[in-house]
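Structure record follows, encoded as structure tokens.
Per chain, numbering begins at 1; letters A, B, ... match sequence-line order.
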Protein chains: 2
Amino acid sequence: MARVTIKDIARISGYSKTTVSFAFNDPSRIGRDTREKILRIADELGYIPDPVARNLSLRRHGTIGLLLPEVISFAFYNPYLSQIVQGIGEVCERENHSLTLIPPIRESLMEGIRRAAVDGLITIGLEPGMEAVEFIQRRHLPFVAIDGRVGGGFPVVGIDDFTAAGTVMRHVLDLGHRRIAIVAFGREPKLSTGSHVKSQRLSGYREALEGVDPELPDEVTYVYAAPSLDGGRQAARTLLDGRERPTAIVAMSDILAVGIIDALQGAGISVPDDISVVGFDDIPEASLVRPQLTTVSQPGYEKGRHAADSLMSLIADQESPGHIVLHAELVVRASSAAPDTVSSNSR
Amino acid sequence: MARVTIKDIARISGYSKTTVSFAFNDPSRIGRDTREKILRIADELGYIPDPVARNLSLRRHGTIGLLLPEVISFAFYNPYLSQIVQGIGEVCERENHSLTLIPPIRESLMEGIRRAAVDGLITIGLEPGMEAVEFIQRRHLPFVAIDGRVGGGFPVVGIDDFTAAGTVMRHVLDLGHRRIAIVAFGREPKLSTGSHVKSQRLSGYREALEGVDPELPDEVTYVYAAPSLDGGRQAARTLLDGRERPTAIVAMSDILAVGIIDALQGAGISVPDDISVVGFDDIPEASLVRPQLTTVSQPGYEKGRHAADSLMSLIADQESPGHIVLHAELVVRASSAAPDTVSSNSR
DNA sequence: TTGTACGCGTTATCAG
DNA sequence: CTGATAACGCGTACAA
């Protein structure tokens, strides 16, 4: 049997489409008998209104989109994304919305934005001036950016990455480390490119380094890695193969730090006795691994929740809810310690 | 400025809607000059076709839905779901689809299914006879079930949970453990209720126990926990507070096992010296924690990938691709060992 | 209280 | 060969 449409119900019941629609959506507009008759027929035929046609009429979709900077199969290697999704999810459930994950197509966000049948978008790391931003605005889609740069006429939810990065780097420096490696995510080896978050954190690291010694930023080893466990493992191997081993590794995200620790331990290196490792994010895994990870706690769940809240009010009011800067703080655990003064770990 | 529709382009260019649409979707049907003129005007006005109207016409949505058994904010506490999502994502990206996460609304899947504007659904743990299944079928939505029960006329992707559970339990028994606790997920304390996966695993555990001693299944302590780190931690505390401590804890999922180990270590109990802990799933975290977790490796990523592949062929062919049973195997790591024969850990 | 007509993009079918 | 008409699916402003 083919799909049952409102037209079928109208034809069989003898009423018009309008009346059938009212029977479901605005019962007070029609007579009780009329309604009962229509509902009975609809039930018998198993009528379910086509959601797409419904959405088209209502100009509501009951879905918000999450525009991912990476393909789904890769993005979820980082539990940090799970936390953001959870926070968004809390709001979705409150508002009875679903959540559409929109991956880039052929390395571009455009096509995903073009085809998104959603009430609004949450983006990760989108910045003023990017082509994707213009495109979203041309579609008149309400949107909120997580981890973006302020100043493009859209609300941004984030933390002060510059300050947070400085805090964790100063912790490492205060412990006495000077041979330091920074493991950044992304593929670009240049400071000036890449996301706002990345450049902010790098700048924060460098400022802390300069505070100790103006030449220190240039003595630091930089390694770039994909934000996943394996990315961290590879970064660790790269560092171990290097000429001079660092006494501390500062990773730009926890998933990298955890992968680094795993690889170091696999190579028989003790953390933090031989090498200290610190991260960024404070994902749940940070306190599960041994040694527990020293890191900067930034609230991924809260970022998602606030972004979704802002988006909902944007959708409802058309009024911009303003930027939100969430709190981040250093969490000192067991993966960082003073460097071994005997320097037994250099080769 | 208001949204630009195809009608505006038609009006301004002087052609009909049809001709404008052909300019984008079937250029061979109209003259070159006509096309160029239309495209120029559309570009100037920033015309983007409404995706919903487009989907309605095309009867394609470019999205598949993942029907979650739990609200998003809770479901993603378990990294196992991330793996499934990644696997689905791989196919989505290949097919240029997005992925819509559909949480239950007011503890019911119905409303989510009713409103899902998707090409098809992947469900987790749905079984023949459930109201939700009928509903999906009434909507003529193609769908594939992950971790479901075979026999409802829809394809199922899973593993042999009964055998896999038996394998890990026999490993524990072979080590010599007899005082065993089983930590199951879900709230139902009865064997007969809950999901197929849960009952299969419980049955597998019990059969292995019976193989050693017919009375053993009834001497086992059962604890029920939410499938999250905290669920595992709470379960561990419940067990520690119990009259007689187990020498081995068999958890129905890794996230539970990892939480259990965390709580045990927090209480000063050594794993596996004092208590052995085994899990189920082999999530990435299983090999990160110390001691590394003994578990059953089941391919969450592959489940997602196969389910999405099957769904895509179901959408394309309307032909059922058949069930898929993936391989699972025992992975012995460091969290399981023979019980301390001096029995120093009972109180 | 109920029906007509419109909005949205695509395309089968028809007209020139 | 080129282009227009009408139908699909639903909700609802407006008319009757």
Quick one: do the A:Thr18 and A:Ser21 side chains pair a donor with an acceptor below 3.5 Å?
no

Residue pair B:Leu68 / B:Leu101, side-chain heavy-atom distance below 4.5 Å
yes

Residue set satisfying ring-ring contact (aromatic ring centres under 6.0 Å, His included) with B:Tyr80, at least two apart, ordered chain then number -> none

Polar atoms only, N or O, under 3.5 Å: list the protein pairs with nucleotides 10-12 of chain D and their distances.
residue: D:dC10; atom: OP1; partner: A:Tyr47; partner atom: OH; Å: 3.4
residue: D:dC10; atom: OP1; partner: A:Asp50; partner atom: N; Å: 3.2
residue: D:dC10; atom: OP2; partner: A:Ile6; partner atom: N; Å: 2.6
residue: D:dC10; atom: O2; partner: A:Ser57; partner atom: OG; Å: 2.1
residue: D:dC10; atom: N4; partner: A:Lys17; partner atom: NZ; Å: 2.9
residue: D:dG11; atom: OP1; partner: A:Asn25; partner atom: ND2; Å: 3.3
residue: D:dG11; atom: OP1; partner: A:Arg54; partner atom: NE; Å: 2.7
residue: D:dG11; atom: OP2; partner: A:Ser21; partner atom: OG; Å: 3.2
residue: D:dG11; atom: O4'; partner: A:Ser57; partner atom: OG; Å: 3.1
residue: D:dG11; atom: O6; partner: A:Lys17; partner atom: NZ; Å: 3.2
residue: D:dT12; atom: O4; partner: A:Thr18; partner atom: OG1; Å: 3.3

Verify the contact: side-chain N or O of B:Thr34 to OP1 or OP2 of D:dG3, cut-off strictly under 4.0 Å; return yes or no.
yes

Computed from five pairs at either end and rounded to 10 degrees, the angle between the axes of the helix from C:dT1-D:dA16 to C:dG16-D:dC1 is 60°

Could you state the atom-to-atom distance from CG of B:Asp33 to P of D:dT2 in whole Å?
10 Å

For A:Ser73, what residues pass the side-chain hydrogen bond (donor to acceptor under 3.5 Å, both in side chains) criterion, not counting sequence neighbours?
B:Glu93

Side chains of A:Thr63 and A:Ser98, donor plus acceptor under 3.5 Å
yes

Indicate yes or no: does A:Arg11 engage A:Asp8 in a salt bridge with an N to O separation below 4.0 Å.
yes

Nearest heavy-atom neighbours spanning B:Arg138 and A:Gly46:
CD-O, 3.3 Å

Its 5'-most and 3'-most nucleotides having an atom under 4.0 Å from a non-hydrogen atom of chain A, DNA chain C is contacted over C:dT1 to C:dC8

Would you say A:Glu131 has more than 12 foreign heavy atoms packed within less than 6.0 Å of its CD?
no

Look at the rings of A:Phe154 and A:Phe143 and say which category their plane angle falls in: under 30° parallel, 30 to 60° tilted, over 60° perpendicular.
tilted

Show me the side-chain donor-acceptor pairs of residues 116-126 of chain A shorter than 3.5 Å, one per line, residues at least two apart or across chains.
residue: A:Asp119; atom: OD1; partner: A:His61; partner atom: N; Å: 2.8
residue: A:Asp119; atom: OD1; partner: A:His61; partner atom: ND1; Å: 2.9
residue: A:Asp119; atom: OD2; partner: A:His61; partner atom: N; Å: 3.3
residue: A:Asp119; atom: OD2; partner: A:Gly62; partner atom: N; Å: 2.9

